[in-house]
Every structure is written in structure tokens, then in C-alpha cells.
Amino acid sequence: MAFLDIEHLEKSFGTNRVVKDFNLAVDKGEFISLLGPSGCGKTTVLRMVAGFETPSSGVIRIDGKDVVRLRPNQRNIGMVFQAYALFPNLTVAQNVAFGMKVAGVPSAQRAARVAEMLALIGLPDLGARYPFQLSGGQQQRVALARALAVRPQVLLLDEPLSALDAKIRVSLRTEIRQIQRELGITTIFVTHDQEEALSMSDRVVVMNGGVAEQVAEPFEIYNRPATRFVAGFVGQLSRIEARVVDPASGEVEIAGARHRLNRPLPAGSVALALRPEVLRLGADPSRELTLTGRVAEVDFLGSVIRLRVDVGHERLSADLFNRPDTPPPAVGSTVTLSAAAADLIVLSA
Ligand SMILES: Nc1ncnc2c1ncn2[C@@H]1O[C@H](COP(=O)(O)OP(=O)(O)O)[C@@H](O)[C@H]1O
Ligand SMILES: [Mg+2]
């Protein structure tokens with residue numbers, strides 16, 4: 001049985017159903033992200049797990065025990081929020097010790113645990129400082145230490161990195177994941193940042209309008225999105241409309257030209273979705289789809305060059321790796337792009 005089990009979870013505020021039949025089985029030690037746009041119900045799910053919000057219906061079990069009727073302080077959960085929620089009038093050490101003090105842990109034991117936690121987050125010497133004397137990244141590490149100090153069964157993180165600047169955010173990602181692995185603590189991480197979710201998680205739950213649209217490993221989510229929403233929300237995507245001429249051989253018509261994709265397609269019309277990295281410059285006999293278009297934009301990003309190419313009425317994104325000996329095509333020039341049929345994501349109409 002899963003360590004954290006959520007079944008048929010529902011939440012309505014008045015007539016507004018914000019979480020709809022949400023199901024999730026989390027293994028012990030697993031790192032799960034809830035990913036979705038603002039307002040899709042991520043925080044509400046997390047708050048129900050923590051006990052700050054009562055479900056309208058459904059079951060939440062931790063280690064086999066139904067916790068829905070337990071108060072937050074009876075649930076053995078650690079939580080970190082987006083905004084720095086440290087107590088401003090307490091030192092770092094006092095912040096980290098807070099939960100243990102409430103729980104009546106003797107002071108010598110508390111001090112040892114605080115030292116252990118501060119070492120874990122890489123701030124062994126900052127126990128005497130106050131929160132205002134720390135950077136944003138350091139404050140969030142202390143918030144993490146405070147959440148972990150009481151040895152929770154489950155760690156809940158609600159967009160803990162979104163208030164930080166880009167560089168710190170990326171380095172703290174790795175650090176949080178390392179600490180989580182080291183402790184083997186079952187974790188749910190809420191984010192609206194797809195890169196965060198894809199890079200950190202064992203599995204990602206993509207949410208839309210209170211519904212979990214897909215629960216899968218990052219590779220699966222990105223390469224085999226289950227719904228149009230997931231395809232569009234996670235990663236860059238270009239879409240081309242195609243009329244299926246022969247479903248069996250996958251012959252399609254795109255902008256007046258015929259292509260044989262050699263893979264079965266549904267009859268009628270389909271949208272073919274292309275990630276920017278599956279398109280290559282130039283024709284290639286081993287790649288079934290060849291498109292010709294006009295370069296509308298060239299974004300030189302450094303290691304990657306993102307071309308925007310108009311093919312018929314569609315504008316496609318194509319990512320090329322930078323090559324010092326080969327300048328990118330010029331805006332206005334005509335280019336040929338190719339893609340392997342196996343790399344196309346077929347979205348039925
Ligand atoms: N206490 C509340 N009362 C009424 N509506 C709420 C309350 N909390 C959240 N909501 C609504 O529930 C929806 C989901 O919110 P939330 O879970 O915070 O989304 P997310 O974290 O994905 O941005 C939103 O439409 C929000 O306005
Ligand atoms: Mg939220």
C-alpha cells in the first residue's frame with residue numbers, strides 16, 4: 001500500500017468545486033510535484049493533506065491511518081511556504097527548535113537536533129542570527145530545517161522557491177532534492193514552474209481546473225502528454241493541423257502538401273504537436289516529415305538557437321544547438337525542416 005494515499009478527494013468553497021475527484025498514491029520516500037497554473041487547486045490539495053482545510057469528501061491516509069479528522073498538529077507533517085514564514089523575533093536556532101519546543105522535547109536534545117539540521121542545510125554557523133540578517137535563499141533553507149526538525153512523516157512544500165531570484169532558485173532545487181533523498185522523506189512539492197517540476201520529481205501531477213490530468217514520470221509527461229492541456233502546459237510546443245488522407249499509412253495533407261508518416265492515425269483531422277528539439281534543419285530521407293518555410297525570427301540564446309519558421313499558416317519553433325562554425329539562417333530566408341514521425345505528438349481533434 002502507498003505511504004500517502006489520497007482517494008476521491010473533493011473540495012468546494014460554496015458552489016465553487018476547486019478540487020475534483022483527486023486521486024494520488026505516493027510511495028514512501030517519493031518526491032511528487034503538483035504542477036499547474038495559478039488557481040488550479042494545488043495549494044488546496046496541500047492544505048487538505050496538512051489539515052488546514054477540511055475536504056468536502058474523500059480519504060487521506062498516511063501510513064495506513066485515515067487523517068482527515070486529525071488537526072494539523074496531530075498529523076506529523078512538515079510544511080514550507082512560499083513567503084518567508086520564519087518568526088522574525090526568534091533566532092535561526094530558535095526557529096528551527098520551535099516545533100520541538102512545542103512538542104516538549106528536552107532542551108539538550110533540541111540543541112543537538114538544531115545543530116544537526118543547520119549542518120544539513122549548510123548553515124552550521126548561523127544559529128544566532130535573526131531572519132532579517134539572512135538572504136532569501138538562506139531563509140528558505142532555515143524554513144526547510146524548521147519543517148524537518150520534528151521528523152515529519154510527510155514534507156509539504158508550497159512554491160518554496162518562487163520568491164527567490166533565478167540563480168538561487170536553481171541551486172536550491174538541487175539542494176532540496178539532495179536533502180529529501182538523504183532523509184528519504186515522502187514529499188509533495190507544489191509549483192507552477194514546469195522546469196522545477198520536471199527536474200526535481202520522481203513523478204509529476206499535472207493539474208487543471210481542480211483535476212489531475214496526468215500523473216507520471218517527468219519523461220513521460222513531457223514526451224507522452226495524456227491530454228491537450230498537458231501537451232500545451234508542459235514545455236514549448238508548435239501545432240500543425242493535418243488532414244488525414246489515409247489513416248492506415250498515416251498519409252496526411254499539411255498546407256496543401258502530402259506526407260506519408262508511416263504510422264496509423266485517426267481518421268479526419270488531427271493536430272500534430274512538435275517539440276522545438278525534434279525539428280532539424282535540412283531534409284533527411286530517414287525522417288518522414290519534411291516542411292519548407294520562411295524564417296520569421298531567430299533567437300540566439302547561447303547554447304541554443306530558437307528559430308521561428310512560418311509553414312503555411314502555422315509558426316513552428318525549432319531549436320538548434322549552437323555551432324561556432326555555422327551561423328544560423330537569416331530572417332526572411334527559406335529553410336527546410338524535418339522531423340521523424342515517431343517524434344510527433346498526435347492530438348486528436
Ligand atoms: N478559502 C477559500 N475560500 C474560497 N475560495 C478559495 C479559498 N481558497 C482557495 N479558493 C479558490 O480555490 C481555487 C484554487 O485555489 P488554490 O488551491 O490556491 O490554487 P493554486 O494553489 O493552484 O494557485 C481558486 O479559485 C481560489 O480562488
Ligand atoms: Mg497556490
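Order of appearance sets the numbers: ligands from 1, and atoms from 1 within every ligand. Values below: every heavy atom of this structure, side chains too, minus hydrogens, waters and symmetry copies.
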Distance-only N or O hit between ligand 1 and F13, under 3.5 Å: no
Determine if the distance from atom 27 (O) of ligand 1 to the closest protein heavy atom is below 4.0 Å. no
Under 4.0 Å between a Lys/Arg side-chain N and an Asp/Glu carboxylate O for E251 and R258? yes
Which residue holds the protein heavy atom closest to atom 23 (O) of ligand 1, what is that atom called, and what is the gap in Å? G39 N, 2.6 Å
Tell me whether the Mg ion (ligand 2) has T43 as a neighbour, meaning an N, O or S atom of it below 2.8 Å. yes
Close side-chain approach of V142 and V96, heavy atoms under 4.5 Å: yes
Which residue and heavy atom of the protein sit nearest atom 18 (O) of ligand 1, plus the separation: T43 CB, 3.7 Å
For a 4.5 angstrom cut-off between non-hydrogen side-chain atoms, does V346 reach L265? yes
So is G36 touching ligand 1 or not, going by heavy atoms under 4.0 Å? no
Does atom 13 (C) of ligand 1 have a protein non-hydrogen atom under 4.0 Å from it? yes
Considering non-hydrogen atoms of the protein only, which is the closest contact for atom 16 (P) of ligand 1, and what is the distance? T44 OG1, 3.6 Å
E297 bridged to R315 by N-O distance under 4.0 Å: yes
Cluster check V19, V206: I/L/V/M/F/W/Y, side chain < 4.5 angstrom: no
Give a yes or no on whether the backbone of R17 and the side-chain of K11 come within a donor-acceptor separation of less than 3.5 Å. no
Minimal non-hydrogen separation, I185 against Q180, with atom names: O-NE2, 2.7 Å
May I ask you to identify the nearest protein heavy atom to atom 19 (O) of ligand 1, giving residue, atom name and distance to one decimal place in Å? G41 N, 3.3 Å
Could you tell me if the side chain of V154 sits less than 4.5 Å from the side chain of T187, heavy atoms only? no
K42 N/O to ligand 1 N/O under 3.5 Å: yes
Heavy atom under 4.0 Å from ligand 1: found in V18's side chain, backbone, both, or neither? side chain
